[in-house]
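The block underneath contains the structure these notes are about, expressed in structure tokens.
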Amino acid sequence: MASYAIPPRESRKQREGFGRFKVALSNVLTKEIIMKLSHIFHYPNCLIDDFREADTVTSCALLMVSKMEEKGQIAPHDISQLLDSLREIGNLGTASEVQQFFLKHTDQAATDPANPAAQPLNPKSDIQKDQATTDRVDPAAQPLNPKPDSEKEMKNQIFISFTFKARDKAQCLKKKIEESLGLGTCWICTEGVEPGQGLRDEITKAMDHAKVVVCAVSKEYPNSVECEREVNLASEMKKKLIPVLLDDDQWPLRKSDGKPTGMAYTFAGMLYQKVSIANSAGLDCLTNTLRKILDSSLNPVPSLNVVPPNPPDSDGGKG
């Protein structure tokens, strides 16, 4: 009689890691791969039509990832069915890349844990394990009540998402936020990435560290594929999102051709904040909201509910 192992209940860290994996997966899926996989997985024609008619590759890939999770082709402990299918359609390079993503973000092998032969792609040697044990700090040598380093805790807690054309406005927004909340509170890719570093990897690390994501929405923002990826990544990581309108654009966001942006679903129902870089209008409300969010993360209060910025008035409104 066959025996089946019940996968362990995943921790919050594992869930967040799987969320980051799903975003990385959506970035490598092309429309051609998606269409081939949808036939191998025997998806219904109506769903295949949805893939075919998707406005962007990003929205098509995100829909595909969602359906694969829903139908069990990928799971927090097993993506073997996806890997086998990628190899079946001849995308060996993509299969290898996806396998590496899974190990990187979830720190586990890309096979079913019910299989006793499953091993991590890069298992640690006994020497490395012994060294890790030796390197552990003796808890007794640590102070019982170490003083918190508030500056270190607040560093890079606010991730600012923006388009290249709006980088000057985004830099000004960062400066004004830090004037109120402290130097180094914000992370922005024009300052946070060193030459030679992988931009997407650094963006993923920075967002994982941050407590809140401020979307500096300019006229170009709804058309930006990279900004859409950042918004989707923030949503997958369960980060608090605050859309900040830098221009007098309409809400909800629409692309230059008038079509809804792929971010519209994530932003649906959110309150936004209008901010004028020139005269600082709306900044007090924004910084007060950010302060509440950061304070609640450093000193959590069980009953505290942080409301996104700006109740409907002359400076903002519902999405």
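In what follows, every heavy atom counts, from backbone to side chain, and hydrogens, waters and symmetry copies are set aside. Remember, predicted model here, so these are calculated numbers, not experimental data.
For the pair K36 and E88, the salt-bridge criterion is not met [side-chain N within less than 4.0 Å of a carboxylate O]. The residues K238 and E16 are annotated as not salt-bridged, no charged nitrogen and carboxylate oxygen being separated by less than 4.0 angstrom. Here R20 does not pair with E236 in a salt bridge; the nearest charged N to carboxylate O distance is not below 4.0 Å.
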Item to complete: Show your working on side-chain hydrogen bond (donor to acceptor under 3.5 Å, both in side chains) between S161 and Y221 and close with a plain yes or no.
Response: CA-CA 9 Å; S161 170; Y221 198 90; 2.7 Å; yes
Fill in: Candidate pair D295 and K292, rule salt bridge (Lys or Arg N to Asp or Glu O under 4.0 Å), full reasoning
CA-CA 5 Å; D295 285 347; K292 288 180 183 179; over 6 Å; no
Item to complete: Just do the side chain to side chain contact (heavy atoms under 4.5 Å, CB included) check on Q100 and K104 with the steps written out, would you?
Response: CA-CA 6 Å; Q100 292 294 335; K104 175 182 176 181; over 6 Å; no
Worksheet item: Which is it for L181 and I158 under the side chain to side chain contact (heavy atoms under 4.5 Å, CB included) test, yes or no, and what are the steps along the way?
Response: CA-CA 10 Å; L181 301 182; I158 301 169; 3.7 Å; yes
Practice prompt. Decide side-chain hydrogen bond (donor to acceptor under 3.5 Å, both in side chains) for E220 and S218; before the verdict, give the C-alpha distance in whole Å, the side-chain angles of both, and the deciding distance to 0.1 Å.
Written response: CA-CA 5 Å; E220 300 84 11; S218 59; 3.0 Å; yes
Worksheet item: Between E226 and R200, is a salt bridge (Lys or Arg N to Asp or Glu O under 4.0 Å) present by the stated rule, with each step listed?
Response: CA-CA 9 Å; E226 291 302 320; R200 285 189 179 175; 2.9 Å; yes
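When hydrophobic clusters are built by joining Ile, Leu, Val, Met, Phe, Trp and Tyr residues whose side-chain heavy atoms come closer than 4.5 Å, directly or via intermediates, I34 is grouped together with L63. At a threshold of 4.5 Å between side-chain heavy atoms, the hydrophobic network of Ile, Leu, Val, Met, Phe, Trp and Tyr places I40 and V65 in one connected group. Note on I33 and L83: same hydrophobic cluster, where clusters join Ile, Leu, Val, Met, Phe, Trp and Tyr whose side-chain heavy atoms are under 4.5 Å apart, directly or indirectly.
Each of R52, K71, M64 was compared with L47 under the side-chain contact (heavy atoms from CB on, under 4.5 Å) criterion, and only K71 meets it.
In plain terms, the two heavy atoms of H39 and M35 that are nearest each other are CD2-O, 3.0 Å. The minimum heavy-atom distance linking S38 with I48 is given by the pair OG-CG1, 3.8 Å. In terms of heavy-atom proximity, A61 sits nearest to S26 at CB-O, 3.2 Å. Residues I293 and K211 share a closest heavy-atom pair of CG2-O, 4.5 Å.
A donor and an acceptor atom, one from each side chain of S224 and R229, are nowhere located under 3.5 Å apart.
A distance of 8.0 Å separates CD1 in I79 from CZ in F18, rounded to the nearest 0.5 Å. To the nearest 0.5 angstrom, Q73 atom CD is 11.0 Å from S80 atom OG. A distance of 11.5 Å separates CG of L290 from NZ of K240, quoted to the nearest 0.5 Å. With values rounded to the nearest 0.5 angstrom, I160 atom CD1 is found 11.5 Å from E230 atom CD. Remark: Q171 CD to C186 SG distance equals 10.5 Å, nearest 0.5 Å. Put simply, CG on L37 and CD on E32 are 10.5 Å apart, with the number rounded to the nearest 0.5 Å.
F162 is not listed as a side-chain neighbour of C215, based on a closest heavy-atom distance of 4.5 Å or more. Contact check for V213 versus I242: no side-chain heavy atoms found under the 4.5 Å cut-off. Put simply, the side chain of W187 does not reach to within 4.5 Å of the side chain of M207, judged on heavy atoms. Residues T185 and N156 form no side-chain contact, since every pair of their non-hydrogen atoms from C-beta on lies 4.5 Å or further apart. Contact check for H105 versus D208: no side-chain heavy atoms found under the 4.5 Å cut-off. No side-chain heavy atom of T163 sits less than 4.5 Å from a side-chain heavy atom of N223. Contact check for I74 versus L25: side-chain heavy atoms found under the 4.5 Å cut-off. In this structure, the side chains of V57 and V225 stay at 4.5 Å or more apart for every pair of heavy atoms.
Side-chain atoms of K239 never come within 3.5 Å of backbone atoms of L233 as a donor-acceptor pair (strictly under, hydrogens ignored). With hydrogens and angles disregarded, no donor-acceptor distance shorter than 3.5 Å links the side chain of N91 to the backbone of R87. In this structure, the side chain of N288 engages the main chain of D284 through a donor-acceptor pair within 3.5 Å.
Aromatic ring centroids of F21 and F101 lie 6.0 Å or more apart.
Ring-plane geometry between F51 and Y43 is classed as tilted, the angle between the planes lying from 30 to 60 degrees on a 0 to 90 degree scale.
Heavy-atom contacts from other residues, nucleotides or ligands closer than 6.0 Å to CD of E179 number more than 12.
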